[in-house]
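Atom set for the values below is all heavy atoms of this structure, side chains included, hydrogens, waters and symmetry mates excluded.
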Amino acid sequence: MRFKRIFLVVLDSLGVGEAVDANDYGDQGANTLGHIKENYDLFIPNLQKLGFLNTINMDENLEVDAYYTIARPTNPGKDTLTGHYELMGVQNLVPFKNFSENGFPRELLDKIETVTRRRVIGNRNCNGVDIINELGKRHIDFGALIVYTSNGSNLCVAAHEDIIPVAKLYEYAEMIRKITMSEEFKVGRVIARVFTGKDGNFKFTNERRDFAVKPPTKSVLNLLSENHNAVISIGKVSDIFDEEGITKKIKAKNNQEAINKLTDIMNKNFTGLCVANLNDFDSEYGHKRDLEGYARAIEELDVEMPMIINKLDTEDLLILTADHGCDPTFPGTFHTRENVPLIIFGRNLKEPKRLEILESMADIGATIADNFDVSKPPIGTSFLEKLK
C-alpha cells in the first residue's frame with residue numbers, strides 16, 4: 001500500500017471535450033470546460049498549477065504541480081450512474097432508459113397511479129423548483145403526486161411534507177422503483193423530493209432520497225470495504241451505488257457543504273477511500289445552461305483548493321475527475337458525451353507531468369484497487385506504477 005488515504009473528488013459533469021463516440025449521441029463538438037474558458041475569463045490559479053486547463057487540449061505543462069491527463073468513457077450512456085460505475089470498475093453494457101425528451105409513457109404513469117392510489121401530475125423534463133411552484137397548489141388541493149424527470153435517467157416524485165409524510169413518500173418511491181426495474185421503464189434512479197412552504201414560495205427540504213439499482217457487479221468500493229478499508233461517501237455517491245460497499249455515508253446539499261465535509265474527514269485518521277461528488281456543476285449550472293454560474297462555481301472550487309491540499313498528509317493522494325459532460329453552450333439541457341479530466345496530486349510525488357490518455361475511466365478505480373492491494377476489478381488498468 002503506497003497511499004494510506006485516497007480522496008477522489010468527482011466534479012459532476014465537468015467534461016473536457018467530445019469522446020470518440022460523441023457523434024453517436026449527437027454531441028459532436030461538446031467541451032464543457034473548453035467552452036466555459038472560451039466564453040468566460042476564468043481565474044483559477046490553483047487549479048491551473050495542477051494542470052487542470054491543460055486537460056482541454058492535452059498540451060504539455062513543464063511547470064505543473066500534479067499529474068494530469070484525460071480518461072475516455074467506455075460504458076454506454078452519459079448519465080450519472082454509468083459514469084460513476086465506470087470510475088469504480090463496473091461495466092454496464094445496457095444504458096438506462098431516458099425519458100427527458102417526451103416524458104414518461106402513459107402505461108408507466110397508470111402503473112404508478114395504481115400502486116400509489118394517487119393521481120400523477122407533471123410528467124415532463126424540467127427544473128424541480130419550477131415544477132413544484134407551478135403545480136404545488138394543485139398537489140395540495142388534490143393530493144396528487146408530482147412526477148417529472150430532471151434530465152438523465154431518473155424519475156423524480158415530489159410531495160409537500162404536510163400532504164404526504166416523508167416516510168410515505170419514500171414508500172411510494174420504493175413502489176415506483178420496483179415498477180421501473182422492468183427493461184421498458186428501467187431508469188437509473190427514482191428520486192423522492194420533499195418540499196415545504198406555501199403557494200408561490202415552495203422549496204425543497206434536505207430530505208431527498210435516491211433509489212438507485214444495485215450495480216451489476218462488485219465495484220472497487222465493495223472490494224475495498226470487504227478488505228476492511230474505510231469507504232466514505234460524501235454527497236450522492238452512496239445513493240448511486242445503492243449503498244453497496246459504503247462504510248460511512250455523509251449527506252451534502254451543495255458543493256460548499258460537500259467541500260466542508262471533505263475537509264472535516266481529512267482531519268480524521270483512517271485507511272481507505274473517501275469519494276465526494278460536487279453536484280452543483282451539473283444540477284445547478286450544466287443542465288440549466290448557466291455558463292457564468294458554472295464558471296463561478298469552478299472559481300469557487302479554486303479558492304478551496306489550497307485548504308484541501310494543505311490538509312493532505314504525506315501518505316495521501318488526491319484525485320480530481322468527472323463522470324460525464326454537460327456543456328452549458330450546447331443545445332438542449334442534456335448531458336454531453338465527453339472525456340473527463342484527471343488530476344493526481346500527492347506530497348510525495350516527485351515527477352508531476354502529463355500522462356498518456358487513459359482508454360477508460362475505469363483505470364482510475366483499478367489504480368485505487370491496486371494501491372490497497374485488493375482484487376482487480378473486471379475493467380480498468382492500473383497506472384499506479386507511473387506515479388513516481
If you compare all heavy atoms of [X] against all heavy atoms of [Y], which two are closest, and at what distance to 0.1 Å?
X    : Y    : result
F211 : A192 : CE1-CB, 4.2 Å
L87  : A322 : CD1-O, 3.7 Å
Y25  : P76  : OH-CA, 3.5 Å
I379 : A366 : O-CB, 4.5 Å
N133 : N201 : OD1-N, 3.6 Å
R354 : D59  : NH1-C, 3.8 Å

- Message: For V220 and L224: C-alpha separation, side-chain torsions, deciding distance, then whether side-chain contact (heavy atoms from CB on, under 4.5 Å) applies.
- Response: CA-CA 6 Å; V220 172; L224 293 180; 4.0 Å; yes

Is there a path of hydrophobic side-chain contacts, each under 4.5 Å between heavy atoms of I/L/V/M/F/W/Y residues, joining [Y] to [X]?
X    : Y    : result
I146 : I140 : yes
F185 : F96  : no
F52  : F345 : yes

Under 3.5 Å, is there a donor on one side chain and an acceptor on the other for [X] and [Y]?
X    : Y    : value
Y294 : T32  : no
D280 : N254 : no
T217 : Q91  : no
N269 : K4   : yes
S153 : D79  : no

Backbone of [Y] reached by a side-chain donor or acceptor of [X] within 3.5 Å:
X    : Y    : value
N154 : R189 : no
T336 : D327 : yes
D27  : A30  : no
Y68  : M58  : no
K137 : E134 : no
K218 : L223 : no
H335 : G325 : no
E18  : G29  : yes
T263 : I259 : yes
R208 : T205 : no

- Query: Is the NZ or CZ atom of R209 both under 6.0 Å from the centre of the six-membered ring of Y170 and within 45° of that ring's axis?
  - Reply: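 Here R209 passes the 6.0 Å and 45° test against Y170.
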
Tell me whether [X] at atom [atom1] has more than 12 heavy atoms from other residues, nucleotides or ligands lying less than 6.0 Å away.
X    : atom1 : value
E292 : CD    : no
K248 : NZ    : no
E184 : CD    : yes

Would a 4.5 Å heavy-atom cut-off, applied to side chains only, mark [X] and [Y] as touching?
X    : Y    : result
K78  : E338 : no
L318 : V9   : yes
I309 : N46  : no
M88  : P377 : no
P352 : D65  : no
L108 : L155 : yes

- Query: For the residue pair F204 and F195, does the interplanar ring angle fall in the parallel (under 30°), tilted (30 to 60°) or perpendicular (over 60°) class?
  - Reply: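 The arrangement is perpendicular - the two ring planes meet at more than 60°.
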
- Query: Given D316, which of R5, R347, K311 fulfils the salt bridge (Lys or Arg N to Asp or Glu O under 4.0 Å) condition?
  - Reply: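 Passing option: R5.
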
- Check the pair K178, E174 against salt bridge (charged side-chain N to carboxylate O under 4.0 Å, His left out), reporting the backbone distance first and the verdict last. CA-CA 6 Å; K178 289 178 182 177; E174 286 188 282; over 6 Å; no

- Task: For E299 and R296, run salt bridge (charged side-chain N to carboxylate O under 4.0 Å, His left out): C-alpha distance rounded to whole Å, both residues' side-chain angles, the deciding distance at 0.1 Å, then the answer.
- Result: CA-CA 5 Å; E299 291 181 332; R296 288 194 300 271; over 6 Å; no

- Are E86 and R72 close enough for a salt bridge, meaning some N to O gap below 4.0 Å?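 Between R72 and E86 there is no salt bridge, as every charged N stays at least 4.0 Å from the carboxylate O atoms.
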
- Evaluate the salt bridge (charged side-chain N to carboxylate O under 4.0 Å, His left out) criterion for residues E113 and R106: first the C-alpha distance (whole Å), next the side-chain angles of each, then the deciding distance (0.1 Å), finally the verdict. CA-CA 10 Å; E113 291 183 340; R106 185 68 245 178; 3.4 Å; yes

Throw together a table of side-chain donor-acceptor distances under 3.5 angstrom for residues 235-247, partners on residues two or more places apart or in other chains.
unit_1	atom_1	unit_2	atom_2	d
K236	NZ	D12	OD2	3.1
K236	NZ	N279	OD1	2.8
D239	OD1	K249	NZ	3.2
D242	OD2	K214	NZ	3.1
E243	OE2	K249	NZ	3.4
E244	OE2	K214	NZ	3.2
T247	OG1	V231	N	2.8
T247	OG1	V231	O	3.0

- Message: H160 and side-chain contact (heavy atoms from CB on, under 4.5 Å): which single residue from V194, T196, I132, L169 fits?
- Response: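 Going through the options one by one, the only one that passes is T196.
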
